[in-house]
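Labels below follow one simple rule: chain letters A, B, ... track the order of the sequence lines, proteins then strands, and each chain is numbered from 1. A quick note: this is a predicted structure, and the numbers were derived from the prediction, not measured.
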Amino acid sequence: MAELKQLIFFDFEMLCSKTGMLFEDMEAIRLGAVKVDVESGLVTGFDRHIRPQQNSPLSTFCKELTGISDSDLEKADDFPEVFKDFLFWIGGVKKARFFSWSSSDILRLKADALRHNLPQATIEKISKRYVDFQAVFTKRASRTAASVEKALSFYELSFIGKPHHPMYDSYNTLRIYESFEEHLVKTDLIMVQQFIFQEAELPPVERLSQEIKYIFQKDLGEFYSNLNDAFRMKDAWKLIKKTKKLVEKYENILLSRSGIFDEELISGVEELINFYKELQTAYREHCSYTSKIMILHEQMVEPLQKICV
DNA sequence: GTACTTCAGACAGAAGCCCT
DNA sequence: AGGGCTTCTGTCTGAAGTAC
């Protein structure tokens, strides 16, 4: 891939109605974006209304939600024209990486490009360089999908600009991205709160790793006490599901970039993930020769035993 | 062979969140 | 307000096993 020169955060406003619409009919009516020049850090904006093919008046709901009026769209260019200007503004798709908050924007781009017979090669290039940053943030920090406002609030930030204005939505997505990339300790604290402590209060950072280790050992102790030498295949499947839950609770500790977690905790989580992988392999093997029970070998479970309290 | 039970996997619906 | 997505839970169904 070519050298990364710019980050593009984009967002579409779309046709919508209180009575519901098929997604394919929810044409884009406004495209907003911000571009970050990687080298200089300079941020520039893009904001254009788009005249949809369907020329019926906007629903009251849509006007109230997006703040877009019929007259805004009457004088607007159509999708191909706006998209052409967008590409020019980007200044080189191959040197860009694209982000949006939720996958609906890339799906909209694909759907409207198809509707207007735009070159699929360009859309493919963007798709290849596209990141659904809401999905990344969910996986790494918030556990469940968060709105832009909620994600900002995790970093004690508030929304700048007008909500449902796609350029400002994009700008605020950029702010979440920057916080996520730069405030590594804070990002891990959010993750730990959402994945491990949930409603409970977070201990001070200096005690955090120790407390997590304690919870981890307790979780693993309970898990281990329910392990048998052999499982019926149905129960083996349940065990896999249960292990997966435990892995999901702790696996982000291995992806931590802040250095706040101690080695013992990290290696414990590594052992759990190793066990999970071995369990999956064993399950597949037992299925392949239509076994009725699955045996857990001593060497598989032994590393877990060492971690338990 | 028939009736019944057990079980895995598919499926549907609800809930909760987001998006417009 | 509705659509989309994910997760969870309960139900259905067909296959396999068991008892008679």
What does nucleotides 10-20 of chain B look like as a protein-contact string, B for base, S for sugar-phosphate only, - for none, at under 4.0 angstrom between heavy atoms?
-------SSSB
Not counting sequence neighbours, list each pair that qualifies as a side-chain hydrogen bond (donor to acceptor under 3.5 Å, both in side chains) and has a residue in residues 140-153 of chain A.
A:Arg140-A:Asn252
Can you sort out the partners of A:Phe216 under ring pair (Phe, Tyr, Trp, His ring centres under 6.0 Å), two or more places apart, ordered by chain and number?
A:Tyr250
Residues forming a side-chain hydrogen bond (donor to acceptor under 3.5 Å, both in side chains) with A:Glu251, sequence neighbours excluded
A:Lys139
Across all chains, not counting sequence neighbours, the side-chain hydrogen bond (donor to acceptor under 3.5 Å, both in side chains) partners of A:Asp25 are none
At under 4.0 Å between heavy atoms, what does A:Thr19 touch on the DNA or RNA strands: base, sugar-phosphate, or nothing?
sugar-phosphate
Sequence neighbours excluded - side-chain hydrogen bond (donor to acceptor under 3.5 Å, both in side chains) pairs with any residue from residues 260-270 of chain A
A:Lys213-A:Asp262, A:Lys213-A:Glu264
How long is the line joining CG of A:Leu22 and P of C:dA1, in whole Å?
19 Å
What's the CZ-P distance between A:Phe23 and C:dG3, to the nearest Å?
13 Å
